[in-house]
Amino acid sequence: MKKELFRKELAGFQSYVPGKSAEEVQEEYGLTEIAKLASNENQFGPSPKAVEAVCKAASEINYYPDPFAFELRKALGVKLNVKPENIVVGSGGEEMISIIAHTFLNAGDEVVMADPTFGIYQTTALLLGAKPVPVPYKNCRCDINGMVNAVTDKTKLFYLCSPNNPTGDILTDEDLDYVFSHVPEDVVIIIDEAYYEFAKENPAYPDSLKRLEKRENVVVLRTFSKVCGLAGVRVGYVITSPVIAGEMGKVKQTFNVNRLAQAAALGALQDEEHIQKTVAGNARSLDMLYEFFTEMQYEYIPSNANFVFVNVHLDSALIFEELQKRGVIVRPGCAWGWKTWLRVSTGTEEQTQMFIRRMREIAGTYGRE
Ligand SMILES: *Cc1c(COP(=O)(O)O)cnc(C)c1O
């Protein structure tokens, strides 16, 4: 009998279809100018202090990195007022989510999450034969009640994403109170705060770290990719109980965060100025986008992050193509089943204006569905 070569979980997977890179788009359409507003990258550049630290560290890449990232965990601990034992560092938030899945999930376990949300929660669960349980948004809001009701005896992980990607809305302290008082202690609540520094400008954004004091099974996830502008070197981390951190430490690869990434993160931690500059630039870009959406009568979800989700009342796959031809790359909502919505990352003033100009042209041609 011929044996099945590939893991059976892979049969249900779509091959990853990457979007075109800025370079490919530029070449294909013969464009001089490209605004890539599709991946929530920091368009204001990386932290200069991180760049400086990477240059210094480059002469030592013949040595393995510190497998425990001790200096970085210590510095994070001081900043966040937690102990290094509470922190696990990984090669981006994405690796942390994969480590979370490998730490907790057996085949058949259930993972509750919102829909739409960050796709990696689902793929990491499916890969291990676990069952994602997506709970649809209601009236453009996370259905916290529905998510709590979706918990069963088989539920292991309960994902909250705040601000949620792709919608940009946050959960309030009241939302968290409801979840924490209704989800049983033997379910791990994960709060993905990839956009923390943008969101904390909003007074309604809760201090999730204080939840760790009251419950062991909580994991808060953050990353250096977004506000610090370090998406290219890959550093993310979680804050959790020492017990969970210890188990996650068994799962992670020994040298998972490379030397340049550790140096970059340490540099960025010293760079409050860069964070403030980014947050301010982000707010300006959002204001420009909101003004345009209001003028066009597009409904949008007010954002707490560096992207905004907007209903352009036209097929998002078409708009994606039309924008791309004109040098603007966004993420079409059809990726999450929201057919007429787009997720647009914020950018520099020029990039944001370019998006607005191109979108206005396209709307002029196609009108409204
Ligand atoms: C970007 C993002 C992450 C992590 O990104 P990394 O680059 O892997 O650190 C995690 N969660 C959400 C919701 C994100 O948008």
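For the single chain, residues carry numbers from 1 onward in sequence order. Just so you know, ligand 1 is whichever comes first in the structure, and atom 1 is the first atom listed for that ligand. As a basis for the values below, the full set of heavy atoms in this structure was taken, side chains included, without hydrogen atoms, waters or symmetry mates.
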Between ligand 1 and [X], is the shortest N or O to N or O distance under 3.5 Å?
X      : result
Glu95  : no
Val235 : no
Tyr121 : no

Which heavy atom of the protein is the closest neighbour of [atom], given with residue, atom name and distance?
atom                    : answer
atom 8 (O) of ligand 1  : Arg234 NH2, 2.6 Å
atom 4 (C) of ligand 1  : Gly93 CA, 3.8 Å
atom 12 (C) of ligand 1 : Asp192 OD2, 3.4 Å

Between [Y] and [X], is there a side-chain donor-acceptor contact under 3.5 Å, judged purely by atom types and distance?
X      : Y      : answer
Asn282 : Thr346 : yes
Arg343 : Asn165 : yes
Glu193 : Ser208 : yes
Tyr205 : Lys200 : no

Transitively linked via ILVMFWY side-chain contacts under 4.5 Å: Ile239 with Val251? no

Out of Asp115, Thr117, Asp169, which residue meets the side chain to side chain donor-acceptor pair (under 3.5 Å) rule with Tyr137? Asp169

Relative to the heavy atoms of [X], which atoms of ligand 1 are at a distance of less than 4.0 Å?
X      : value
Tyr195 : 1 (C), 14 (C), 15 (O)
Cys161 : 13 (C)
Gly92  : 8 (O), 9 (O)
Ser225 : 6 (P), 7 (O), 9 (O)
Ala194 : 2 (C), 3 (C), 10 (C), 11 (N), 12 (C), 14 (C)

Between ligand 1 and Met96, can you find any atom pair, the residue atom being a heavy atom, that is separated by under 4.0 Å? no

Is Gly236 near ligand 1, meaning one of its heavy atoms is under 4.0 Å from it? no

Of the backbone atoms (N, CA, C, O) and the side-chain heavy atoms from C-beta on, which set of Lys226 has a member under 4.0 Å from an atom of ligand 1: side chain, backbone, both, or neither? side chain

Please check if the distance between the ring centroids of Phe118 and Tyr159 is under 6.0 Å. no

Arg360 side chain near Glu295 side chain, heavy-atom distance below 4.5 Å: yes

Are Arg326 and Glu361 ion-paired here, with the side-chain N under 4.0 Å from a carboxylate O? yes

